[in-house]
Amino acid sequence: MKLPGNDILIQSLLNEGVEYIFGYPGGAALHIYDAIFNQNEIEHILVRHEQGATHAADGYARATGKPGVVLVTSGPGATNAITGIATAFMDSIPMVVLSGQVATHLIGTDAFQETDMIGISRPIVKHSFTVESADKISEVIKQAFFIASSGRPGPVVIDIPKDTTAPDKLFDFVLPESTNIRSYNPPIEPEIKQIKRAVDAIIDAEKPVIYAGGGSINSNASEELIELNKILNFPVTNTLMGLGVYPAEDIRFMGMLGMHGTYQSNMAMHNADLIIAIGARFDDRITNTPDLFAPHAKIIHFDVDQSSISKIIEANIAITGQVKNSLKVLIDELNKKTNMIEHSKIKPWLNQIDEWTDQHGLNHELYKENSDTSSILPQAVVQHVYQITNGEAFVTSDVGQHQMFAAQYYHFNKPRRWINSGGLGTMGFGLPAAMGVKFAFPNDEVVCITGEGSIQMCIQELSTCKQYNLPIKIININNEALGMVKQWQDMNYGGRHSESTYQSSLPNFVDLVESYGHKAFKVEKNSDLKSTLEKAFSIKDELVFVDVYVDPEEHVYPMLVAPNGSLKDMWLSKDKKV
Amino acid sequence: MMQRKLSVILENKPGALARIVGLFHQRGYNIESLHVDPVKDVENYKDIEELLNITLKENEVSRLIITTTVSDTLLRQILRQINKLIDVLIAQEESK
Ligand SMILES: Cc1ncc(C[n+]2csc(CCOP(=O)(O)OP(=O)(O)O)c2C)c(N)n1
Ligand SMILES: [Mg+2]
């Protein structure tokens with residue numbers, strides 16, 4: 001069959017099972033947009049800013065596990081997409097970004113809307129391609145999707161010079177069924193020798209901790225992790241990126257670890273004699289000072305990316321492979337030795353963890369105590385949302401205190417429900433990401449827990465939500481400040497709030513949201529909180545924005561003491577340090 | 001810390017070299033010298049062909065020689081990072 005490049009592109013995307021493209025048109029992409037117009041199998045979602053397109057595609061990818069697809073024009077379209085590409089890169093999210101480019105003969109001439117997208121995006125992509133001619137499009141698309149979604153996933157940019165999608169030249173093409181890139185062979189199965197060593201270490205352990213991160217979600221290893229811990233009954237902690245991979249309801253779950261992790265998780269990691277790291281990368285928000293990290297622990301590290309193993313913390317037993325496959329093999333090997341696993345051996349350790357939890361664990365009943373007359377606690381807002389949605393919503397978030405409160409107080413029992421920018425920490429992520437999730441799961445509750453700072457970074461997407469009628473719920477935890485910045489200034493800069501407040505310049509969010517055609521409520525009194533949230537969630541067919549004014553003095557605790565602290569050094573409140 | 005010579009075999013494609021040079025900068029490693037040539041004498045690369053189970057054709061891949069001064073652990077990390085690049089067939093420390 002012969003088709004022009006723009007149609008070959010669409011056929012190639014269909015061949016990958018693409019349902020949605022999140023994008024924004026412009027000159028260099030117009031041939032492609034014409035091909036989009038002439039078909040109805042792929043739905044194009046018109047965002048209001050290219051950053052929104054990348055975050056929406058990213059949210060779609062996090063919720064479904066399938067690559068999100070973005071289409072932007074050259075120059076400013078491409079550069080506007082950069083923040084979203086970097087966000088996806090840092091969290092290893094599969095994404096394919098199609099960027100229009102000036103025609104091949106103009107490249108390098110500083111043509112109108114020319115930027116070197118391949119160059120600009122190079123450090124924040126897993127790989128990138130320039131389309132050389134229309135007959136190469138189908139193979140490039142196949143390879144891009146393969147690279148984006150295999151091994152350690154990540155974003156792939158395809159720069160498409162305008163002439164390669166011209167409608168007036170027809171080309172023969174084939175849609176490849178599979179592809180093979182000889183220089184790219186991501187590991188899948190673990191080395192059995194290493195698994196056997198891990199089994200021995202597990203059997204010996206008296207103070208073990210399972211530490212699972214975003215990689216275990218990317219690898220869809222939740223079931224295996226649960227099955228593994230049916231055998232082991234070890235305490236489990238998750239990173240910010242890993243929340244949901246192990247059910248929060250489970251008795252062995254200790255909560256998140258790290259900078260704002262729970263007391264018991266951080267204490268358990270610090271005192272452990274064995275840490276089983278599963279798809280986690282010992283980020284500096286987890287280790288605090290690496291030299292002081294878990295001084296007594298042997299480390300077993302499962303990861304698909306060999307360069308993540310022993311990068312920060314030396315692993316004693318490295319297990320390279322798809323985490324899901326590696327855990328399966330581990331389970332098989334453990335099952336052969338069940339007689340050697342003595343559960344009584346870790347009993348004192350489990351008791352110790354329970355004691356830590358009792359001493360300084362998070363108070364999950366705060367919302368009951370937060371009285372009508374006191375100012376609203378942000379934690380209580382999250383707890384109410386958790387109660388009202390029965391813990392079953394997809395929750396996206398932005399960056400700041402509200403994000404940490406959401407991570408601490410919304411309990412995720414399933415993976416891919418908690419959608420946030422962990423690695424890059426991108427304010428503005430939450431709303432567009434929620435759009436992407438809602439397209440993927442139109443019948444599920446999708447909540448964006450945001451702050452009045454973050455929401456203003458991509459607020460234009462409220463207009464997209466109107467166009468596509470996306471009944472997302474947005475909970476704006478409004479502390480009238482860049483709260484997390486202010487908290488650091490309180491803790492480390494003598495309370496000097498340099499540029500972290502807005503001097504009563506905030507918009508009237510209710511008016512603003514209503515002008516976009518959505519519903520909005522404002523809550524200032526504790527006595528209105530629960531009923532207003534219930535009312536918001538009872539509206540099923542409209543986007544509802546709830547602007548909740550919370551106590552601006554509230555801080556997120558625990559908070560690791562930094563710099564030079566270890567995981568056991570935490571602030572538990574404004575004046576209590578352990 | 002000592003001076004090391006790294007040898008990288010990569011696909012001879014536009015942009016492949018820039019990814020390696022960029023990676024050194026991005027990760028904060030220093031390049032002391034760099035030399036790149038398309039591989040013509042494929043018969044001298046039998047060991048790599050065998051290791052990766054591929055056959056090389058003349059000018060299809062390039063060979064890059066980089067010298068850099070790093071510790072053992074950093075060297076391991078650099079090699080892993082380079083090997084992760086999609087266009088790289090293999091990166092190794094050059095045996096003396
Ligand atoms: C794009 C971007 N710019 C700056 C920052 C630094 N930063 C981290 S948290 C934060 C404050 C966020 O304020 P808000 O959204 O109101 O959340 P709060 O902490 O008040 O809950 C800032 C400025 C960031 N993470 N992202
Ligand atoms: Mg705020």
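All values derive from a computational prediction rather than experimental measurement. Lettering of chains follows the sequences in order, A, B, ..., and the numbering in each one begins at 1. Because only heavy atoms are used, hydrogens play no part in the values below, and waters and symmetry mates are left out as well, while side chains stay in.
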Derivation of the side chain to side chain donor-acceptor pair (under 3.5 Å) call for A:K126 and A:Y184: CA-CA 12 Å; A:K126 183 169 172 187; A:Y184 172 63; 2.7 Å; yes

Determine, stepwise, if the pair B:E32 / B:T69 fulfils side-chain contact (heavy atoms from CB on, under 4.5 Å). CA-CA 8 Å; B:E32 278 146 25; B:T69 301; 2.8 Å; yes

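The choice from B:H25, B:R76, B:Q26, B:R19 that makes the most heavy-atom pairs within less than 4.5 Å of chain A is B:R19. With chain B as partner, the option from A:I147, A:I181, A:I118 having the largest number of non-hydrogen pairs under 4.5 angstrom is A:I147.
Judged by distance alone, with hydrogens and angles left aside, the side-chain atoms of A:D116 form a donor-acceptor pair with the main-chain N or O of A:G119 at under 3.5 Å.
Of the two parts of B:L52, neither the backbone nor the side chain holds a non-hydrogen atom closer than 4.5 Å to a non-hydrogen atom of chain A. For A:R182, the parts lying under 4.5 angstrom from a heavy atom of chain B are both the backbone and the side chain. Using a 4.5 Å cut-off between heavy atoms, A:T130 makes no contact with chain B at all. For A:D305, the part sitting under 4.5 Å from any heavy atom of chain B is the side chain, from C-beta outward, and nothing else.
Residues A:D303 and A:R281 are not paired through a salt bridge, judged by the lack of any N-O separation under 4.0 Å between the basic side chain and the carboxylate. Salt bridge status for B:D87 with B:K13: present, with a side-chain N to carboxylate O gap under 4.0 Å.
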